[in-house]
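So the structure is just underneath, and the comments pick up after that.
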Amino acid sequence: MIILKTPEEMDKMARACRIVGEVLEDMKGFVKPGVSTKDMEKRAEEKINARGGTAAFKGYRGYPASICTSVNNQVIHGIPSHMRLKDGDIVSVDVGVYIDGFYGDGAVTLPVGEISPLAGKLLRVTEEALYKGIDMATIRHRVSDISSAIQNHVEANGFSVVRAFVGHGIGMSLHEDPQIPNFGVSGQGPRLKEGMTIAIEPMVNARGYEVSILEDGWTAVTVDGGLSAHFEHTIGITDGDAIILTKLT
Ligand code: MF3
Ligand code: CO
């Protein structure tokens, strides 16, 4: 069941989402060679709590950390550790915040020092694909119009979209209906309606789209060892263009 939000509820969600945006923005300046992913988690959690929020992922289905940090061939759900980032790495930071009854969810993938041209292109194309999807998030379209816009952009650039994980509705729960796949033909699935709030989150692999899960039960990695990137925004559907709730204005 898709839960539509009133403008007042969307305003409340905007609070959670603004904190997500602030944490991700702060991470852009914090991530550098020598920093551990645990350092990132500590800093993010402090910032979330200082703003009165709660880190939404901690304890979610038993997830053991406050944020997800996924390095290089890790796709999503990487668990922060004492491993230090090094020059040339890429690291996806995924942050969820709960405050005042509502959730916000967002992610960016950041370069660590100097990265390869391939890694740079992967980050650029994945973020562009997210915005191609957001462009389709209007009441004139259906869910799979978002999906196909993402897939087309990714494949036109020679990369592949992960199938095993999808975007999602979000609101009073972290995950609500509908699912938002990052692949598919256009014109399918539910019609988008004013008041829908969804998290769009393309995961893009440099080589094949297949993923597997490490023995920790969480970390998704590429099967072929290729690089992977992930960008996510929580957005609200209006009668015009979507509002990007996790974007700092
Ligand atoms: N952005 C991811 C999602 O929507 C993060 C969830 S991590 C988890 O599912 F630990 F909470 F599962
Ligand atoms: Co999400």
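The figures here come from the full heavy-atom set of this structure, side chains too, leaving out hydrogens, waters and symmetry mates. These numbers come from a predicted model, not from an experiment.
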Task: Cationic N near anionic O, under 4.0 Å, E128 to K132 - done: no

- [ ] Keeping the roles fixed (side chain from H168, backbone from L174), state whether a donor-acceptor pair exists under 3.5 Å.
- [x] yes

Open item on the list: Please determine whether salt bridge (charged side-chain N to carboxylate O under 4.0 Å, His left out) holds for the pair K28 and E25, giving the CA-CA distance in whole Å, both sets of side-chain angles, and the decisive distance to 0.1 Å.
Closed with: CA-CA 5 Å; K28 290 180 190 170; E25 189 60 35; 3.3 Å; yes

Open item on the list: One pair to check against side chain to side chain contact (heavy atoms under 4.5 Å, CB included): F57 and D105. What are the steps and the verdict?
Closed with: CA-CA 10 Å; F57 301 162; D105 188 5; 3.5 Å; yes

Task: Side-chain (T197) to main-chain (I170) donor-acceptor, under 3.5 angstrom - done: yes

Open item on the list: Test your reading of the model: is there a side-chain donor-acceptor pair from D145 to the backbone of G187, 3.5 Å cut-off?
Closed with: yes

Task: side-chain contact (heavy atoms from CB on, under 4.5 Å) partner of I235, chosen from L130, I146, L245, I244 - done: I244

Task: Atom of A65, atom of P80 and distance for their closest heavy-atom approach - done: CB-CD, 3.5 Å

Open item on the list: Are S81 and I79 packed together at the side-chain level, in the sense that at least one heavy-atom pair is separated by less than 4.5 angstrom?
Closed with: no

Task: Atom of A44, atom of I67 and distance for their closest heavy-atom approach - done: CB-CG2, 3.9 Å

TODO: Grab the two heavy atoms, one from T222 and one from S228, that are nearest each other, plus how far apart they are.
DONE: CG2-CB, 3.9 Å

TODO: Could you tell me whether the side chain of D177 and the main chain of M1 form a donor-acceptor pair under 3.5 Å?
DONE: yes

Open item on the list: Under a 3.5 Å distance rule, please check whether T234 uses its side chain to pair with a backbone N or O of A199 as donor and acceptor.
Closed with: no

Open item on the list: Measuring from atom OG of S70 to atom CD1 of I90, what distance do you get when rounded to the nearest 0.5 angstrom?
Closed with: 10.0 Å

Task: Minimum-distance pair of heavy atoms, taken over all atoms of G104 and A16 - done: N-CB, 3.6 Å

Open item on the list: Between Y98 and V23, is there shared hydrophobic-cluster membership here, with clusters defined by ILVMFWY side-chain heavy atoms closer than 4.5 Å?
Closed with: no

Open item on the list: Between E176 and M196, is there a side-chain heavy-atom distance shorter than 4.5 Å?
Closed with: no

Task: Output field: ring centroids Y103/H175 closer than 6.0 Å - done: no

Task: Student check: side-chain heavy atoms of V211 and N205 closer than 4.5 Å - done: yes

Open item on the list: Classify the ring geometry of Y63 against H77: parallel below 30°, tilted from 30° to 60°, perpendicular beyond 60°.
Closed with: tilted

TODO: Taking all non-hydrogen atoms of both residues into account, name the closest pair between V97 and A56 and its distance.
DONE: N-CB, 3.8 Å

- [ ] Drop me the distance from L4's CG to E194's CD, to the nearest 0.5 angstrom.
- [x] 9.5 Å

Open item on the list: Would the distance check show the side chain of S147 and the main-chain N or O of P181 forming a donor-acceptor pair, the cut-off being under 3.5 Å?
Closed with: yes

Open item on the list: If you count every heavy atom of other residues, nucleotides or ligands that lies below 6.0 Å from D241 atom CG, does the total exceed 12?
Closed with: no

Open item on the list: Counting only heavy atoms from other residues, nucleotides and ligands, does the tally under 6.0 Å from NZ of K42 exceed 12?
Closed with: no

Open item on the list: Tell me whether L192 shares a hydrophobic cluster with I243, the cluster being built from Ile, Leu, Val, Met, Phe, Trp, Tyr side chains joined at under 4.5 Å.
Closed with: no

Task: M203 reachable from F183 in the ILVMFWY side-chain graph, under 4.5 Å edges - done: no

- [ ] Hey, could you give me the OG/CD distance between S160 and Q151, rounded to the nearest 0.5 Å?
- [x] 10.0 Å

Task: Residue pair V166 / I180, side-chain heavy-atom distance below 4.5 Å - done: no

TODO: Taking the side chain as every heavy atom from C-beta outward, state whether V161 and Y209 have any atom pair closer than 4.5 Å.
DONE: no

Task: Distance, nearest 0.5 Å, that separates CD1 of I200 from CG of N182 - done: 8.5 Å

TODO: Mark yes when over 12 heavy atoms from residues, nucleotides or ligands other than E22 sit less than 6.0 Å from its CD; otherwise mark no.
DONE: yes

- [ ] Report yes if the side chains of V35 and M40 come closer than 4.5 Å at any heavy-atom pair, otherwise no.
- [x] yes

- [ ] Spell out, as yes or no, whether a donor-acceptor pair under 3.5 Å connects the side chain of R43 to the backbone of F30.
- [x] no

Open item on the list: Under 3.5 Å, is there a donor on one side chain and an acceptor on the other for H82 and S36?
Closed with: no

- [ ] Identify the two heavy atoms, one from H230 and one from V75, that lie closest to each other, and give their separation to 0.1 Å.
- [x] CB-O, 4.0 Å

Task: Heavy-atom check, side chain of F159 versus side chain of L118, under 4.5 Å - done: yes

TODO: Enter the distance from C17:SG to D11:CG here, rounded to the nearest 0.5 Å.
DONE: 11.5 Å

TODO: Ignoring hydrogens and angles, tell me if any N or O in the side chain of T109 forms a donor-acceptor pair with the backbone of L123 under 3.5 Å.
DONE: no

TODO: Pick out which of T246, V93, L248 makes a side-chain contact (heavy atoms from CB on, under 4.5 Å) with L24.
DONE: V93

Open item on the list: Set out, in order, the CA-CA distance, both residues' side-chain angles and the distance that settles side chain to side chain contact (heavy atoms under 4.5 Å, CB included) for D87 and V112, then state yes or no.
Closed with: CA-CA 5 Å; D87 192 54; V112 182; 5.8 Å; no

- [ ] Identify whether W218 and V91 are in the same connected component of the hydrophobic contact network (ILVMFWY, side-chain heavy atoms under 4.5 Å).
- [x] no

- [ ] Mark yes when over 12 heavy atoms from residues, nucleotides or ligands other than R124 sit less than 6.0 Å from its CZ; otherwise mark no.
- [x] yes

- [ ] With R15 as the cation and F102 as the aromatic partner, state whether NZ or CZ is under 6.0 Å from the six-membered ring centre and within 45° of the axis.
- [x] no

Task: Trace of the side chain to side chain contact (heavy atoms under 4.5 Å, CB included) decision for K193 with I2 - done: CA-CA 10 Å; K193 286 210 176 75; I2 297 174; over 6 Å; no

Task: Heavy-atom check, side chain of K86 versus side chain of N72, under 4.5 Å - done: yes

TODO: Test K121 against N157 for side chain to side chain contact (heavy atoms under 4.5 Å, CB included), laying out the working first.
DONE: CA-CA 9 Å; K121 181 183 174 192; N157 283 282; 4.0 Å; yes

Open item on the list: Is there a path of hydrophobic side-chain contacts, each under 4.5 Å between heavy atoms, that joins I76 and I150?
Closed with: no

Open item on the list: Working to the nearest 0.5 angstrom, can you tell me the gap between E201 CD and T126 OG1?
Closed with: 12.5 Å

TODO: Ignoring hydrogens and angles, tell me if any N or O in the side chain of S66 forms a donor-acceptor pair with the backbone of K58 under 3.5 Å.
DONE: no

TODO: Please check if the side chain of N152 supplies one atom and the backbone of A149 the other of a donor-acceptor pair under 3.5 Å.
DONE: no

